[in-house]
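Each chain gets a letter, A, B and so on, in the order the sequences are listed, and its residues count up from 1. Heavy atoms only: backbone and side chains are in, while hydrogens, waters and symmetry mates are out.
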2 protein chains.
Amino acid sequence: MTEKPKHGSAELDRLDLKILDVLQRDNKTPQRTIAEMIHLSAPAVQRRIKRMEEFGVIQANVALVDPAKVDQSITLFVEVEMESERAELYEAAKRSFSAAPEVQQCYYVTGEADFILIIIVRTMPDYEALTRKLFFGNNNVKRFRTFVSMERVKVGLSVPLE
Amino acid sequence: MTEKPKHGSAELDRLDLKILDVLQRDNKTPQRTIAEMIHLSAPAVQRRIKRMEEFGVIQANVALVDPAKVDQSITLFVEVEMESERAELYEAAKRSFSAAPEVQQCYYVTGEADFILIIIVRTMPDYEALTRKLFFGNNNVKRFRTFVSMERVKVGLSVPLE
DNA sequence: CGTATAAATGCAATTTTGTTGCAGAAAGCG
DNA sequence: CGCTTTCTGCAACAAAATTGCATTTATACG
């Protein structure tokens, strides 16, 4: 038709990207509205969204909550350095970090650290207790370095879609 | 009624927190479904959600996109250290960082760094170009340290709701 | 080059979900 | 106590999402 369509494969065309662009900002945008934006019908938009969800392009649809409004006002960054590089110990650490609700994000990285964590807590004593559980309680953690966030300048999980 | 209600203030009761808990996971959950979970009527749930949106407790409703599925597969962490501490220069830096779509998150922190950025790019040359624009192009940036993410162990913006 | 096949689309009907008006119940307050 | 405010549920309503179906478009292939 007008745009380059996609066949059996997982390809996303310009219209799909535009849909994602909208949904990344506000996934409550009516399909009709999106349809008008990209000159498609609502059902077409709906099918594309469904397809992208099935394909995992869209991983989840979530509400973003302001931590401060629920009294979870302290954001922390932690660089964690591990002692041993044994795979099983890494996996155990990953599971441990992932399981903690205070750990909002956890990345395994290269460089001077092994993991980088983003943590949200209500109070510093809460953080202290968490470090005891996650780091001191894990004797494969060699050391960790904490940064305290003073301002959340930009927060989101939007992926750039050129 | 059954639960501790809220009056003029911004207080969130147990039911509000439960609603947030659901919406943080899947904001497409029908209000009727949530209503059943917490033993309320759908309109009651709808009003609570509306109120929390107006109050800013719910900041946004978004779709989470898998970066890899749109060929944006490199996640980077950058600790940025600034030269001068003059407020206006900080503000300028914040604006510059925030304006870049590749910068997914930006936090102003205490400690050995001033800013921590989470960046998503398609290729390393893209990152190189970005550093030139954001860091080398800003002569108030003293130095920056990059970590490359090898695995996104846990990614989200969920706030712990005890 | 035309024909067969697969894929995507639009429209209209249907279903599901969200929204609103209103009367009644619960909680705070003088 | 009785008044006021705030919620709530129910039922009607509006809006949005979803489905079936015929048609158009694109790709593959003879």
Find the distance [X]:[atom1] to [N]:[atom2] and express it as a whole number of Å.
| X | N | atom1 | atom2 | value |
| --- | --- | --- | --- | --- |
| B/R48 | C/dT19 | CZ | P | 16 Å |
| B/E11 | D/dT6 | CD | P | 15 Å |
| B/I19 | D/dC7 | CD1 | P | 12 Å |
| B/I34 | C/dT17 | CD1 | P | 12 Å |
| B/E53 | C/dG18 | CD | P | 12 Å |
| B/R51 | C/dT19 | CZ | C1' | 18 Å |
| B/E36 | D/dC10 | CD | P | 12 Å |
| B/D13 | D/dT8 | CG | C1' | 13 Å |

#### Entry: B/F97 and B/F115 aromatic centres sub-6.0 Å
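That pair passes the under 6.0 Å test.
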### Query
How large an angle, rounded to 10°, do the end axes of the helix from C/dC1-D/dG30 to C/dG30-D/dC1 enclose when each is built from five base pairs?
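For the helix from C/dC1-D/dG30 to C/dG30-D/dC1, the axes at either end differ by 40°.
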### Message
Within the supplied structure, the quantity of interest is the number of heavy atoms (other residues, nucleotides, ligands) at a distance under 6.0 Å from B/R152 CZ; does it exceed 12?
### Response
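Above 12, so yes.
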### Query
Out of D/dC7, C/dC11, C/dT9, which nucleotide sits closest to the side chain of A/L40?
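Nucleotide nearest to A/L40's side chain: C/dT9.
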### Query
Which of these, B/L117, B/T146, B/L130, sits in a side-chain contact (heavy atoms from CB on, under 4.5 Å) with B/F135?
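Output: one option passes, namely B/L117.
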### Message
Using 30° and 60° as the class boundaries, would you call the ring planes of A/F144 and A/F136 parallel, tilted or perpendicular?
### Response
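Perpendicular: the ring planes of A/F144 and A/F136 meet at over 60°.
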### Message
Show the nearest heavy-atom pair for residues B/S158 and A/Q104, with the distance to one decimal.
### Response
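Taking every non-hydrogen atom into account, O-NE2, 3.4 Å.
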### Query
Looking at A/E151 and B/K94, does any basic side-chain N land under 4.0 Å from a carboxylate oxygen?
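B/K94 and A/E151: salt-bridged.
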### Query
Any side-chain donor paired with an acceptor under 3.5 Å for B/Y90 and B/D114?
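Judged by distance alone, the side chains do pair up.
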### Query
Do B/E102 and B/Q72 get their side chains close enough for a donor-acceptor pair, meaning under 3.5 Å?
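Judged by distance alone, the side chains do not pair up.
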### Query
Can you find a donor-acceptor pair, distance only, under 3.5 Å between B/R47 side chain and C/dG18 base?
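In this structure, the two groups form no donor-acceptor pair.
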Pairs under 3.5 angstrom, nitrogen or oxygen only, protein versus nucleotides 12-17 of chain D, please.
{"unit_1": "D/dA16", "atom_1": "N7", "unit_2": "A/R32", "atom_2": "NH2", "d": "3.2"}
{"unit_1": "D/dA17", "atom_1": "OP2", "unit_2": "A/Q31", "atom_2": "N", "d": "2.8"}
{"unit_1": "D/dA17", "atom_1": "N7", "unit_2": "A/R32", "atom_2": "NH2", "d": "3.4"}

Taking only distance into account, with no hydrogens and no angle test, what donor-acceptor pairs under 3.5 Å do side-chain atoms of residues 52-60 of chain B form with protein atoms, sequence neighbours excluded?
{"unit_1": "B/E53", "atom_1": "OE2", "unit_2": "B/N61", "atom_2": "ND2", "d": "3.2"}

